[in-house]
Amino acid sequence: MKKITIQIHCKDQSGIIASVTSFIANKSGNIVYIDQHVDREQNIFFMRLESEFNSFSIDTFKTEFITVLASKFKMKWRIYDAKDKPKMAIFVSKYDHCLYDILSRYNSGELHCEIPFIVSNHQDLEYIAQNFNIPFYHIPVSKSTKQDAENKQLDLLNSHNIDFIVLARYMQIVSRKLIDQFQNKIINIHHSFLPAFVGAKPYHSALKRGVKIIGATSHYITEELDAGPIIEQDVARVTHTHSIDDLITKGRDLEKIVLATAIKHHINRKVMVYNNKTIIFY
Ligand SMILES: Nc1nc2c(c(=O)[nH]1)N[C@@H](CN(C=O)c1ccc(C(=O)N[C@@H](CCC(=O)O)C(=O)O)cc1)CN2
């Protein structure tokens, strides 16, 4: 039995759902999940479906999908084989909480992916990678070595056919060169409830401002810092009694759960990006 996931978007018009579901039915497919959304402002139709087939050739399916549907409705589409495990590279600096959380979920089989390696601009967390038997690459980054460092990162990413990257508290600004090659495939965890408090020290800014709610945000990165399409967010209440250490401790728990949720949405092909925003098919 073969299971595929299909993501479609195109100009909204009548008959799209009927045409897609008839196409699947004509190919003896059994649709086990279907959801759609129409962006009324942009008049754009979005759909995600999962279908099972007893006998299936993905190349034949793609060819006929283009002929019958994609050309007719001028669709942008992607088809994924549900059994394929996307390759995820993790980038980290010195904070260990998100790295530990991802690797323990991976170790327990919670993440349908492969993690070929971990990259860091510091050596501090190499012991964690060794504990989980995952190759660790220390690539230091400074103002003068940034370009050379990113070329080394790109060589690693390409030589391992990496599908997406997770910045698990990677405290370096990623350049356009890497972002262009992995557009909407680099997931960051920012330790604030964006758009509040962008930058490297949001907890200190939150304490100084006297907010009553702190949060964490996972987003795809763009060249503009902390401004990319948001995948997941969560918050926690705080009071005047909480110190900076209290905020950091509360924030760590939020960061771990928000990042793990975003990673799972990405792996399960539940995210579609449009106009620097996301549609999440839960
Ligand atoms: N192009 C992007 N790169 C990164 C983003 C992003 O949104 N776009 N997010 C960051 C993560 N981050 C906040 O979530 C963040 C990381 C680092 C900094 C920063 O100012 N770094 C300094 C160096 C700090 C250091 O060496 O410790 C710098 O790079 O000059 C701000 C925000 C990941 N990258």
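Counting starts at 1 for both ligands and their atoms, in listed order.
Not a single heavy atom of N121 sits under 4.0 Å from any atom of ligand 1. The closest approach between H219 and ligand 1 falls below 4.0 Å for a heavy atom of the residue. Within the structure, ligand 1 lacks G228 among the residues with a heavy atom less than 4.0 angstrom away.
Scanning the protein heavy atoms around atom 20 (O) of ligand 1, the nearest turns out to be A200 CB, 4.0 Å. Of the protein's non-hydrogen atoms, the one nearest atom 34 (N) of ligand 1 is Q172 O, 2.8 Å. The protein heavy-atom contact nearest to atom 8 (N) of ligand 1 is T222 O, 2.9 Å. Among all protein heavy atoms, the one lying closest to atom 5 (C) of ligand 1 is L225 CD1, 3.5 Å. Atom 9 (N) of ligand 1 has as its closest protein heavy atom N188 ND2, 3.4 Å. Distance from atom 23 (C) of ligand 1 to its nearest protein heavy atom, with residue and atom name: M171 O, 3.6 Å. Among all protein heavy atoms, the one lying closest to atom 30 (O) of ligand 1 is K143 NZ, 4.0 Å.
For K250 and D253, the salt-bridge test fails: no basic side-chain N is under 4.0 Å from an acidic carboxylate O. Between D81 and K2, at least one side-chain nitrogen of the basic residue sits less than 4.0 Å from a carboxylate oxygen of the acidic one, meeting the salt-bridge criterion. A salt bridge links D148 to K152: at least one charged side-chain nitrogen sits closer than 4.0 Å to a carboxylate oxygen.
Ligand-side atoms of ligand 1 in range of Y170: 11 (C), 16 (C), 33 (C), range being under 4.0 angstrom from any heavy atom. Residue E223 has at least one heavy-atom neighbour below 4.0 Å for each of these atoms of ligand 1: 1 (N).
For the side chain to side chain donor-acceptor pair (under 3.5 Å) condition, the pairs that include at least one residue of residues 84-113, sequence neighbours left out, are S93-N121, H97-E255, D101-R105, R105-E110, E110-K264.
Between V174 and ligand 1, an N or O atom pair is found at a separation short of 3.5 Å. Ligand 1 has a nitrogen or oxygen under 3.5 angstrom from a nitrogen or oxygen of H190.
Ring centers of Y33 and F281: at least 6.0 Å apart, outside the cut-off.
Clustering ILVMFWY residues whenever any of their side-chain heavy atoms sit less than 4.5 angstrom apart, transitively, puts I16 in the very cluster that holds W77.
Other residues, nucleotides and ligands contribute only 12 or fewer heavy atoms inside 6.0 Å of the CD atom of Q183.
Put simply, the side chain of S218 gets close to the backbone of N188: a donor and an acceptor are under 3.5 Å apart.
With hydrogens and angles left out, the side-chain atoms of T217 and Q233 include a donor and acceptor closer than 3.5 Å.
Contact annotation for D226 and ligand 1: heavy atoms of both the backbone and the side chain come within less than 4.0 Å of the ligand.
With atom 18 (C) of ligand 1 as the reference point, the heavy atom nearest to it among I179, L167, I173 is part of I173.
Of all heavy-atom pairs spanning I244 and H204, the tightest one is CD1-N, 3.6 Å.
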